[in-house]
Amino acid sequence: MSKESLQHKRNNDDVYDWIESYQQGADEEVQTKLVKHYEPLVHSLARKFSRSRAHDDDLVQVGMVGLLAAFERYDPKYGRSFESFAVPTIIGEIKRFIRDKTWSVHVPRRIKELGPKIKKAADELASELQRSPRVEEIADFLGVSEEEVLETMEMGKSYQALSVDRSLEADPEGGEVTLLDLVGQEDGGYEKADQQMLLEKAFQVLDEREKQILLCTYFEHLSQKETGHRLGISQMHVSRLQRRALKKLRDSIRVELSECI
């Protein structure tokens, strides 16, 4: 046996001794040795599922959780190497994290699980057909309905949300706006316009004196005494006409609303 083979076997023996010690409650030094030994493996697996550099750190941390779980559950009696046991465990943790934690909005679990299957099926069919597969071909390949494929593809756009501060080109001259600038807001002017039209129509039931009294008291904010002085009538007369005018308006508006309904 070559020196390289002997060294590799000796290293493996050390690793399996560390794992056994870890399972028996060894101190943090043993855990640190194990983590450093298998850290490149976790990084390699994380990169395969990463969508961006910013995503790497999260997946590495999750992969480390899977690695520690593999240390605890590994049993050499099954005749498998630790690596062959650890890789599915680490990948399982990473996939679970991607499925449950990295979507910008909540979507059904079946959509999250069907998405990767659709991508894999599309790649296989594209290679086989030498063209992009149609939706019905993907559906037949996976044994699902076309509606499920379309729904999953549409919901896949919800994986990452755009920031409302993201800049968009607004004109050919290079002017920019943000998504927030394009978000609509409730305009109270429409409601005011509706109210004004309703009030103008209701005002038609009033006689000229009643209109003058309401205009003075509610639009020019004059007191009843000032209104009476302007119109040449007593304050008591103003009060009586004002009550009568308001009652006419309420009755008219009530009729108008019931007709709209």
Side-chain angles (χ1 to χ4, degrees), residues 51-52 54-55 58 98-112 114-115 135 145-261:
R51 291 173 177 263
S52 65
H55 204 205
D58 290 337
I98 292 173
R99 184 192 68 200
D100 296 336
K101 303 296 184 182
T102 59
W103 289 72
S104 295
V105 298
H106 176 74
V107 299
R109 181 171 177 175
R110 61 181 178 83
I111 297 295
K112 296 177 181 178
L114 186 56
V135 171
S145 67
E146 293 180 29
E147 289 75 14
E148 288 177 296
V149 173
L150 289 171
E151 181 185 15
T152 302
M153 293 171 69
E154 183 65 26
M155 291 299 291
K157 299 175 183 179
S158 301
Y159 186 83
Q160 288 184 323
L162 294 177
S163 169
V164 294
D165 294 323
R166 175 170 176 171
S167 297
L168 301 174
E169 186 172 324
D171 52 58
E173 285 71 33
E176 293 185 345
V177 296
T178 66
L179 288 176
L180 187 59
D181 295 328
L182 304 178
V183 175
Q185 297 179 349
E186 184 175 348
D187 191 342
Y190 290 108
E191 184 177 358
K192 289 181 180 179
D194 290 339
Q195 291 174 348
Q196 184 175 352
M197 292 173 63
L198 182 61
L199 193 58
E200 288 176 354
K201 191 171 183 180
F203 252 65
Q204 296 175 8
V205 303
L206 305 179
D207 60 33
E208 193 61 33
R209 177 56 61 86
E210 291 167 341
K211 290 180 182 178
Q212 288 177 339
I213 289 175
L214 293 186
L215 287 172
C216 288
T217 55
Y218 289 102
F219 291 86
E220 297 184 30
H221 306 292
L222 300 179
S223 66
Q224 289 182 347
K225 183 177 180 179
E226 291 169 333
T227 300
H229 181 72
R230 175 182 291 188
L231 299 179
I233 59 178
S234 67
Q235 180 178 345
M236 185 179 297
H237 196 189
V238 170
S239 177
R240 182 172 59 81
L241 291 177
Q242 185 184 54
R243 288 197 303 270
R244 187 176 72 183
L246 291 175
K247 184 178 185 305
K248 283 184 178 181
L249 282 179
R250 283 194 293 267
D251 293 341
S252 177
I253 291 174
R254 191 178 298 117
V255 171
E256 292 290 340
L257 290 176
S258 64
E259 289 178 352
C260 293
I261 295 173

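In what follows, every heavy atom counts, from backbone to side chain, and hydrogens, waters and symmetry copies are set aside.
- Taking SG from Cys216 and CD from Gln242, the interatomic distance works out to 10.5 Å, rounded to the nearest 0.5 Å.
- Note that CG of Leu215 is 9.5 Å distant from CG of Leu206, once rounded to the nearest 0.5 Å.
- Among pairs with a residue in residues 212-239, those fulfilling salt bridge (charged side-chain N to carboxylate O under 4.0 Å, His left out) read Glu220-Arg230, at least two apart in sequence or across chains.
- Of the inter-residue distances, the one linking Ile233 atom CD1 with Ile213 atom CD1 reads 4.5 Å to the nearest 0.5 angstrom.
- In this structure, the side chains of His237 and Leu231 stay at 4.5 Å or more apart for every pair of heavy atoms.
- With values rounded to the nearest 0.5 angstrom, Leu222 atom CG is found 4.5 Å from Thr227 atom OG1.
- Distance CD/Gln212 to CD/Glu210: 10.5 Å, rounded to 0.5 Å.
- Put simply, the side chain of Ser252 never gets that close to the backbone of Lys248: no donor and acceptor are under 3.5 Å apart.
- The side-chain heavy atoms of Asp251 and Val205, taken from C-beta on, include no pair separated by under 4.5 Å.
- Atom CE of Met236 sits about 10.5 Å away from atom CD of Gln224, to the nearest 0.5 Å.
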Query raised in the report: After noting the C-alpha distance and the side-chain angles of Leu214 and Leu249, does the key distance pass the side chain to side chain contact (heavy atoms under 4.5 Å, CB included) rule?
Result: CA-CA 11 Å; Leu214 293 186; Leu249 282 179; 3.5 Å; yes
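- Taking all atoms of both residues into account, the shortest heavy-atom contact from Phe203 to Lys211 is O-CE, 3.1 Å.
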**Report entry** Full working for side chain to side chain contact (heavy atoms under 4.5 Å, CB included) between Arg244 and Asp207
**Finding:** CA-CA 11 Å; Arg244 187 176 72 183; Asp207 60 33; 3.7 Å; yes
